[in-house]
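Scroll down for the structure; my scribbles are underneath it.
Because only heavy atoms are used, hydrogens play no part in the values below, and waters and symmetry mates are left out as well, while side chains stay in.
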Number of protein chains: 2
Amino acid sequence: MNLLEQIYDRLDSLNKSERKVANVIIGDPATATRLSIASLAQAASVSEPTVNRFCRNFEAKGYPDFKIQLAQSLAGGTPYVSRSVEQDDSTEEYTDKIFTSTIAALDIARKGVNAGLISKAVDYLIQAKQISFLGLGASGPVATDAQHKFFRFNLPVAAYEDVLMMRMVAAAAHTGDVFVVISYTGRTRELVDVARIARENGATVIGISAENSPLAKECTVLLAAPTPEDTDIYMPMTSRIVQLTLLDVLATGVTLRRGVDFHQHLKKIKESLKATRYPSE
Amino acid sequence: MNLLEQIYDRLDSLNKSERKVANVIIGDPATATRLSIASLAQAASVSEPTVNRFCRNFEAKGYPDFKIQLAQSLAGGTPYVSRSVEQDDSTEEYTDKIFTSTIAALDIARKGVNAGLISKAVDYLIQAKQISFLGLGASGPVATDAQHKFFRFNLPVAAYEDVLMMRMVAAAAHTGDVFVVISYTGRTRELVDVARIARENGATVIGISAENSPLAKECTVLLAAPTPEDTDIYMPMTSRIVQLTLLDVLATGVTLRRGVDFHQHLKKIKESLKATRYPSE
DNA sequence: AATATTATGTTGTTATATTACGTATTTTTA
DNA sequence: TAAAAATACGTAATATAACAACATAATATT
C-alpha cells in the first residue's frame with residue numbers, strides 16, 4: 001500500500017492537528033510535495049514539529065523523506081500488481097489490468113532470471129551447428145518467433161510445431177545440435193519424449209519451462225520462466241510473453257558474443273525487405 | 001518523458017562534472033532520492049553547486065525539487081527506461097536491459113491505448129461470422145498466437161501467414177467477416193493490398209500497426225502500437241510484445257462481453273489437453 | 001478536582017541548500 | 001600559437017529549512 005493510501009486509511013486514528021495536516025495533503029498531494037515544512041504547517045494551521053511528527057507516524061525518517069515517499073506514491077498512479085480481470089470491468093479497467101499484469105509478470109521474471117544460466121545457454125547456442133526451436137500449442141508461435149529472430153541474426157535455425165517432425169529431427173540429432181524446448185507447463189508428454197531422444201543422441205537441450213517439471217529433468221540448461229501466483233485463464237498469456245522475452249535475451253546474448261560482423265548481415269536482410277514495402281514518407 | 005529518461009537522453013550533451021552526477025543518479029536512482037546534496041556531490045566527486053546547477057538544467061527549481069521529480073519518475077522504485085544494449089554489456093546488464101525495455105514499451109503502450117478503439121474493435125469481433133488474423137514475417141507468429149487464443153475462447157478464427165492464402169480469403173470476404181491485420185511498420189505492400197480487398201468486399205479490418213501508415217488508411221479500426229523513440233535493431237522485439245498484449249486485451253474484451261458460457265467451453269478444452277500431459281505432482 | 005497522559009507549540013541548534021564570486025579550463029579568434 | 005572570450009567548476013559566505021529539546025496546553029483518568 002502506498003503512502004497516500006495509508007494516509008486515507010489512517011485518517012480516523014489521527015488526532016486533531018494531524019488530521020488537519022492529512023487533509024491538506026490529501027486535498028492536493030501533488031503540490032504538497034513542493035511545499036516546505038513551514039508552508040505546509042501554515043496551510044494546515046499547525047506548528048512545524050506537528051508536521052514533522054506526522055511524517056514519522058508514517059514510517060518516514062523526516063519531512064523530506066516523507067515528501068519523497070509521497071512523490072513516489074503519486075508517480076504513475078498505478079502500482080504494477082497483477083490484478084485479475086473481473087466480469088464487470090470497463091474497457092479501461094480490463095485493458096489496464098492486462099497491461100499491468102503483463103508488466104508485473106515481466107518484472108518478476110526480470111528479478112528471477114539467473115544470468116549464469118543465460119550465459120551458459122548462450123554458450124551452447126553460439127557453438128551450435130543447428131538450432132531447433134520446439135513448441136506445441138500456444139508455445140508453437142513462440143518457437144516460430146524465435147526462429148525468425150535468430151535467423152535475422154544469421155544463425156542456423158529451424159522451428160517445429162509438428163510432433164512427428166520433432167521426433168524425426170530429434171532422432172537424427174548429433175552432438176553440437178541445440179534444441180530449445182518451449183513449454184509452459186513442462187508436462188507435455190510428446191515434448192518431454194522428444195527432449196529425451198535429442199539428449200540421448202548427444203544434443204544439447206535448453207528448456208524454457210517450469211521448474212521441477214518432467215521436461216526440466218531432461219534439459220541441459222533450464223531457463224525457468226517463473227510463474228506468478230494465480231494460474232487462472234489469463235495466465236498463459238503473460239507466461240508466453242515472458243518466454244518470448246527470455247528468447248529475446250538469448251538472441252541478444254548470441255548477437256553480442258558474435259561481435260560486429262552481424263551488423264552487415266542485418267543490413268542485408270533489411271535491404272531485402274525494402275522492396276516489399278511502401279516507402280516512409 | 002519522465003526525468004530519468006531525460007537524463008539518459010541528454011547524457012551526451014552534458015559536460016564532464018555533470019555527467020559524473022548523472023552517472024551516480026542513473027546508477028542507483030532510488031537511493032539518489034534519499035541523499036543530501038552534499039552526499040550526492042561527494043559520491044560524484046564534484047562540488048555541491050555543480051549538483052545544484054545540474055538540477056536546474058533539468059527544469060527543477062533546485063535540488064529538493066529535483067529529488068521530488070526523480071522520485072516521481074521512479075514509480076514503484078524501479079526505473080523502467082528503455083536503454084539500448086551495448087557491445088560490452090555483461091550478461092546481467094543486457095538481460096536486465098531487455099526486460100526493462102520491454103516493460104518500458106508496455107508501459108508506454110498502456111498509457112497510450114485508446115479504450116474507445118478497443119471497445120469498438122471488440123464490438124466488431126463479437127459480431128464476426130469469421131475472424132482472420134493476418135501477419136507476415138515477424139508478425140506471422142503473432143497472428144498464429146492470436147488464433148490459438150481466440151480459438152480457446154470459442155470464436156470462429158483462422159490465421160494466415162501466406163500471402164496467396166490471404167488474398168484468396170480477402171477476395172472471398174463477406175460483410176460481417178473481420179480481418180485483424182498485424183504489421184509493425186504498416187508498410188508491407190501485400191498486407192495493405194489484402195486489407196483493401198477485404199474492405200472492398202464489406203469486411204471489417206482491424207489494424208494493429210503504426211499510425212499514419214498506408215495500412216492505417218485501410219482500417220476500419222486502428223489500434224496503434226505506439227512505437228518508442230529509437231528504431232534500432234532491438235525495437236521489433238518489444239513492438240511485437242506490445243502487439244501480443246493488445247491482442248490479449250481484445251481477447252479478454254471479447255470473453256468478458258460474451259458472458260459466462262465460455263467457461264464451459266474453456267473447461268472442455270482443458271480436459272482435452274489433459275491426456276497429453278504428465279500429471280502434476 | 002487532582003493527577004497523569006497525551007497533544008501541541010516555542011525556541012534554539014543543526015543540517016541543508018543556495019548565492020555570489022573567483023579561479024581554472026576550454027574554446028574561439030586573430 | 002597566443003590572446004581573449006566563454007564556459008566550467010569550486011570555495012566560502014549566506015539563507016533556508018528541518019529538527020530536537022523543552023515548555024505549555026489540552027485531554028483523559030482516577
All heavy atoms of A:Y63 vs all of A:N52, minimum pair found to be N-ND2, 4.0 Å
Rounded to whole Å, please give me the gap between NZ in B:K67 and P in D:dA18. 10 Å
Counting primed atoms, P, OP1 and OP2 as sugar-phosphate and everything else as base, the B/S/- map of nucleotides 7-15 of chain D against protein heavy atoms under 4.0 Å is -SBBB----
With a 4.0 Å cut-off, would you call B:D248 and A:R240 a salt bridge? yes
Rounding to 0.5 Å, atoms NZ (A:K111) and CG (A:L106) come to a distance of 11.5 Å
Distance col, row A:E48:CD vs A:Q42:CD, nearest 0.5 angstrom, shows 9.5 Å
Between its two end axes (five pairs each) the helix from C:dA1-D:dT30 to C:dA30-D:dT1 turns, nearest 10 degrees, through 30°
Mind checking whether A:L247 and A:V180 have side chains closer than 4.5 Å, heavy atoms only? yes
Between atom CG in B:D65 and atom P in D:dA17, what is the gap in whole Å? 13 Å
Distance flag, aromatic centroids of A:F66 and A:F54, threshold under 6.0 Å: yes
Shortest non-hydrogen contact from A:S45 to A:K20? O-NZ, 3.6 Å
Work out which heavy atom in B:S213 is nearest to a heavy atom in B:T185; give both atom names and the distance. CB-O, 3.5 Å
For D:dA18 and A:N52 - does any side-chain N or O of the residue sit under 4.0 Å from the phosphate oxygens OP1/OP2? no
Min and max contacting nt of DNA chain C in 5' to 3' order, chain A heavy atoms within under 4.0 angstrom, are C:dA7 to C:dT10
Does a salt bridge link A:R110 with A:D107, judged by any charged N lying under 4.0 Å from a carboxylate O? yes
Identify the heavy atoms of B:G186 and B:P214 that sit nearest to each other, and give their distance. O-CD, 3.4 Å
